[in-house]
Asks: 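Here it is, the structure in full.
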Amino acid sequence: MEIAKVIVDVPAKSTDRTFDYLIPAEMRRWIEVGSRVGVPFGHRTVQGFVTSLHERQEPGRFKLKPIQELLDLVPPLPPDLVELAGWMRERYACGEIMALQAMIPTALKGKAERYISVSDTESQAAQDGLLLADTGMEDDSEREIVLFVQSRTQVPLGQLSRRFPEQAEMIKSLLRRGVLQESQYIKDKLQKKTLKAVDLAVSVEEAEAALAAFPAKAQRQREVLAWLLELSPMLPVAMKEVLSGLQVSAATVKSLEDKGLVTIDDVEVFRDPYRGRDFKPTAPLPLTHEQQHVYERVVGQLDERTHGVFLLHGVTGSGKTEIYLQTIQRCIEQDRQAIVLVPEISLTPQMVERFKGRFGDQVAVMHSRLSAGERYDEWRKIREGRVKVAIGARSGVFAPFKSIGLIIIDEEHETSYKQEETPKYHARDVAVKRADQHGAVVILGSATPSLESYHAARSQSNDEFAPLLLEMHHRALGNKLPEVHIVDMRNELRGNNRSMFSRDLHQGIAARLEKGEQIVLLLNRRGYSTFVMCRSCGYVSTCPNCDISLTYHQRSNNMRCHYCGYSEGVPETCPECGSEHIRYFGTGTQRVEEELAKLFPGIRVIRMDVDTTTEKGSHEKLLKQFRDKKADVLLGTQMVAKGLDFPDVTLVGVITADSALNLPDFRAAEKTFQLLTQVAGRAGRHQLPGEVFVQSYTPDHYSVIHASRHDYLSFVREELKHRRVLHYPPYCRLILVTFTHEQLPLLVRLAENYTANLEGKARQRGWFGSLDKFTGDVMDVLGPVASPMPKIKNRYRFQCMIKWRGNIDVIGLAREVADDMADAVQNQKLLISLDVDPQMLM
DNA sequence: AGCACGCCGACT
DNA sequence: GTCGGCGTGCTC
């Protein structure tokens, strides 16, 4: 194999194809499909991925460039992932390189670094005994530069220009004249984690002697040395510990090093985020009848070793996790590996503990809280076959296992499985595709399956997947689902209760406090203000670049834009009218916390929201405190609704059930139903019976009512009716096309242009029409209109929505029209982005 | 995305 | 007369 086709790391439309390279003879044994390479590309070196190998050069092409370097001995991508990237390119209308990059840890995203060395002819001359001066070097500083470079063989360009900041011109001239030469190598972002470690450089006896003879005035150094001697059997010790243990500065230790008494070394630390933690081993639990039935169906499919998808609809507490664990066990016994995807937010220590407890160190865990290096290490465990199970959020679907037997997607309905940045993939769909490649089984688990999945299971008509529906209606421990009361908040207002707690919820909390039982309070975050508003004139601080309201950040005590990061101070008086009645409202949860403290003096509250969980491990700490009953109330946003299991929680309160219902999103009802069902499931999971209060301003809404009755089926029936009438998924598919440009009038024209072109081409193919009037294969375009976020980072935004159904390549067409336009329109400042199957319509 | 090539304004 | 502005075109 002499030729490699390579996808280069240049994210542009015109480079979204393979480029051919010669494989140098010495690399032939090592280059494989999936290899990461450095290749010359134009006038620079870029990273790329080998996607196929070929015997010889295609005729008609003149001289190919050779691959410059091979970046890893083992290709970071197995061939099935390379193939999957090609599939993603079509499915999500993204650049293939974007798909490939999404599959590997960011630590492996290399960039070319420029190095300077003395040119070959020049070194040859030096070897031949000629002086550098003979080659026309007249200036002393020129000579200094060349000698500097020569003395260290190769110097990164950045380092050289830092060393000779005034001589940039001279360096350029030396390069031009060929005295110095430049080469580029790909350098990984990864830095190995090291720790400064201090050790004695001499024997204990010598050190003691040195200590005795120490100059009296170097008191601090004496202390350090004495301390090190005391610790001598346990050396080396981390520099950090020396500094904090003795309250000395690094300079003190450094002086000891200069004296030759101690050494300070960089020691590589192996990162294990769960190091030092004991996981209680757990044995498989006996299964209930329902569980047994589900287990047998899945295992039957596993044993066939063929592809199959199951939608596991089980009420909260029905024991889905135990099914996951036992089917994974079977999968491992077949010598295949398993991937478990969970939403980021519920990738809690509780969850990890259960898997680590059952499978021990055969488990790799990947989540966003890990540092880049930690993630890379976990990823390597998978790639090198040292683990059998990978648990992770969305991107875990790319775990580079050799032979996958099972992919589990827990809380299948969660929107976090859809990546909002390019590549805008949905982990559920990717999982199904990947399982198909491997002949593997997929389990989609949820108490509230997405309408897409449920409908696909019921109608068996989806092209991409038609899961088999498995249901569990009962809780594994036999206890009942909690009783849910809907509280009509309009009555509270009429009853002159202006508090955010209804009288019922108030009483409920008081009762639990008395009995020493625990409470979970959920605040549906949206709808609560975190912005500054003037009460006199209604002024709201907005971002000058993006036209959206600025959010108040407590930590930095300033106002910040979510989209572009712009920040400014908190205004004291209103910039518009000068009024002093300008107020910010703390985050929603803060307000609730304050009110709780007022109503129930002495109440112990743990607040969990973005403000209190940014620090690493804080999430875990807070939950542990609550579990240890250090608090009466766990108060939080969405993150308290998912997957938590506390035996003493008997009351769940939802402060505002319906704040999401007013959002302009066709999934608003579905999301409300899911959230209410999930949070209700936190109550009464063990011996004590649970009770739930749902406060609502729209208590008659079907999502609230069906959630209160734990009636998924009725909700789905009603919701599907709406979707069918309004032509929304699952009765059609959507593509959201967003256009951005600095100039509004031009943007509008171009967006209209796009929809017209798209419509024209669709007509030619006989696809165009209203979804109302036509059955079967059809597509329609809505818009263009201004985006809900009409301006971000000084760029205006317009969008149009494509609705379509059937077996027609609308994705390909939408992309084609976008590409044609970008070609035709001279103005490159127009950006068109496609979101296939969007989750957020904002 | 870079980076070089190429064709028009303000300076030694 | 040149230095350098950034429009546009290419990268195996």
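Heavy atoms only: backbone and side chains are in, while hydrogens, waters and symmetry mates are out.
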Asks: Please state whether the rings of F41(A) and F19(A) are parallel, tilted or perpendicular, taking 30° and 60° as the class boundaries.
Replies: perpendicular
Asks: To the nearest Å, give me how far apart CG (D16(A)) and P (dC10(C)) are.
Replies: 18 Å
Asks: Using a heavy-atom cut-off of under 4.0 Å over every strand shown, decide if S14(A) touches base, sugar-phosphate, or nothing.
Replies: base
Asks: To the nearest angstrom, how far is H43(A) atom NE2 from dA4(B) atom P?
Replies: 6 Å
Asks: Planes under 30° and centres closer than 5.5 Å, is that true for F19(A) with the base of dC12(C)?
Replies: no
Asks: Taking CZ from F41(A) and C1' from dC3(B), how many angstroms apart are they, rounded to a whole number?
Replies: 12 Å
Asks: Under a 3.5 Å cutoff, is there a donor and acceptor pairing between the side chains of D837(A) and H426(A)?
Replies: no
Asks: In whole Å, what is the span from the CG atom of D9(A) to the P atom of dC3(B)?
Replies: 14 Å
Asks: Rounded to whole Å, how long is the line connecting atom CZ of R114(A) with atom C1' of dG2(B)?
Replies: 10 Å
Asks: Within the modelled atom types, does a donor on one side and an acceptor on the other bring the side chain of R44(A) and the base of dA4(B) under 3.5 Å apart?
Replies: no
Asks: For K111(A) and dC3(B), what is the distance between atoms NZ and C1' respectively, to the nearest whole Å?
Replies: 13 Å
Asks: First locate atom CZ of R29(A), then atom CG of L70(A), and finally report the distance between them rounded to the nearest 0.5 Å.
Replies: 12.0 Å
Asks: Quick one: I7(A) CD1 to dA1(B) C1', roughly how many Å, whole number?
Replies: 15 Å
Asks: Which part of the nucleic acid does Y21(A) contact within heavy-atom distance under 4.0 Å: base, sugar-phosphate only, or nothing?
Replies: sugar-phosphate
Asks: Would you kindly give the NZ-to-P distance between K13(A) and dA1(B), to the nearest whole Å?
Replies: 12 Å
Asks: Can you check whether E96(A)'s main-chain N or O pairs, donor with acceptor, with D16(A)'s side chain at less than 3.5 Å?
Replies: yes
